[in-house]
Chemist: 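Could you have a look at this structure, given as structure tokens, before my questions?
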Amino acid sequence: MPAADDFIQPVVQSDRGVRLEPLALSHEAGLREAAADGELWKLRVTSVPEPEQTRAYIEAALQMRAEGHRLAFAVVHDTTGRVLGSTSYHDIVPALKRVEIGWTWYAASVQRSHVNTTCKLMMMRHAFETLGCAVVGWRTDNFNFASQRAIERLGAKRDGVIRHHAPRRDGTVRDTVMYSMLAGEWPEAKAQLLYLRDRPRA
């Protein structure tokens, strides 16, 4: 059975030209460029840092890792080394064998590509097959309909809504939509994700 520290140990995963590597200060410039691709910080329903906040964003992620409840990754193009975005395991509860996947965003130029499906496949496979998780969760803003569709496309089940739950960057307070997938649901979800990842695109 994995130890608590296993959930935050550095791990590098690569598939289909996409690499997940633990987020570090060395990713600062690349992360800033990825966020600028679409000026993603202007979206009120995401956690993308403003350019001048990129270093603080990384430092906060590293602090959360030191505290044992978040492991953030840079999403990197395997050939060019270009940073495409970021994603994380968070709200890690080793005693319950539970992690959530979130803090996810990608440069506008790689959205609606195979990148998100590939990243989620790698993260879910590691969570269920290496860490032995019993459940993987997701949460998103009630107005982030694109995120909700993407999570549902993974095969996750909608658990419900926590009302008046978390602040947005504009000072308003969001309702949070919660999703989860149990270990017993993973084999079928994995088969579907592999199909979606590998099917020809028009």
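Side chains are part of it too, since the values below use all heavy atoms of this structure and drop only hydrogens, waters and symmetry mates.
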Chemist: Salt bridge (charged side-chain N to carboxylate O under 4.0 Å, His left out): which pairs involve residues 58-72, sequence neighbours left out?
Modeler: Arg55-Glu59
Chemist: For Lys157, enumerate each residue passing the salt bridge (Lys or Arg N to Asp or Glu O under 4.0 Å) test, keeping only those at least two apart in sequence or located in another chain.
Modeler: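 If we apply the salt bridge (Lys or Arg N to Asp or Glu O under 4.0 Å) test to Lys157, skipping adjacent residues, there are no hits.
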Chemist: Quick check on Glu188: does its CD atom have over 12 non-hydrogen neighbours (other residues, nucleotides or ligands) under 6.0 Å away?
Modeler: no
Chemist: Could I get the full list of salt bridge (Lys or Arg N to Asp or Glu O under 4.0 Å) partners for Glu129, not counting sequence neighbours?
Modeler: Lys190
Chemist: Trp41: which residues meet the ring pair (Phe, Tyr, Trp, His ring centres under 6.0 Å) condition with it, sequence neighbours left out?
Modeler: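 Ring pair (Phe, Tyr, Trp, His ring centres under 6.0 Å) list for Trp41, sorted by chain: empty.
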Chemist: Might you point out which heavy atoms bring Cys133 and Ala183 nearest each other, and give the distance in Å?
Modeler: O-CB, 3.6 Å
Chemist: With sequence neighbours left out, what residues match Glu21 under salt bridge (Lys or Arg N to Asp or Glu O under 4.0 Å)?
Modeler: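 Counting only residues at least two positions away or on another chain, Glu21 forms a salt bridge (Lys or Arg N to Asp or Glu O under 4.0 Å) with Arg19.
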Chemist: Only counting residues at least two apart or in another chain, list the ones meeting salt bridge (Lys or Arg N to Asp or Glu O under 4.0 Å) with Glu39.
Modeler: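 If we apply the salt bridge (Lys or Arg N to Asp or Glu O under 4.0 Å) test to Glu39, skipping adjacent residues, the hits are Lys42.
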Chemist: Is there side-chain contact between Val110 and Asn116, with at least one heavy-atom pair below 4.5 Å?
Modeler: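 Result no, sub-4.5 Å side-chain heavy-atom pair not found.
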Chemist: Can you tell me if His27 uses its side chain to pair, donor with acceptor, with the backbone of Ala24 under 3.5 Å?
Modeler: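 Yes; judged by distance alone, with no hydrogens or angles, the pair exists.
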Chemist: Keeping Thr130 on the side-chain end and Ala127 on the backbone end, is there a donor-acceptor pair under 3.5 Å?
Modeler: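 No; zero donor-acceptor contacts below 3.5 Å.
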Chemist: For Ser180, check side-chain contact (heavy atoms from CB on, under 4.5 Å) against everything at least two apart and list the hits.
Modeler: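 Here the qualifying residues are Val135, Asp159.
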Chemist: Can you list everything that forms a side-chain hydrogen bond (donor to acceptor under 3.5 Å, both in side chains) with Ser109? Sequence neighbours excluded, please.
Modeler: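 By the side-chain hydrogen bond (donor to acceptor under 3.5 Å, both in side chains) rule, Ser109 matches Asp37, Arg82.
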Chemist: What pairs of residues pass the ring-ring contact (aromatic ring centres under 6.0 Å, His included) test when at least one of them lies in residues 124-146, not counting sequence neighbours?
Modeler: Phe128-Trp186
Chemist: Scan residues 169-180 for pairs that pass salt bridge (charged side-chain N to carboxylate O under 4.0 Å, His left out), counting only residues two or more places apart or in two chains.
Modeler: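 Listed by first then second residue: Arg44-Asp170.
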Chemist: Judged by atom type as modelled, is there a donor-acceptor pair below 3.5 Å linking the side chain of Thr117 to the main-chain atoms of Arg197?
Modeler: no
Chemist: Report, one line per pair, each donor and acceptor closer than 3.5 Å where one atom sits in a side chain of residues 89-96; sequence neighbours left out.
Modeler:
from: Tyr89; atom 1: OH; to: Met123; atom 2: O; distance (Å): 2.6

Chemist: Under the salt bridge (charged side-chain N to carboxylate O under 4.0 Å, His left out) definition, can you give me all pairs with a residue in residues 115-127, not counting sequence neighbours?
Modeler: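 For residues 115-127, and leaving out neighbouring residues, the salt bridge (charged side-chain N to carboxylate O under 4.0 Å, His left out) pairs sorted by first residue read Asp15-Arg125.
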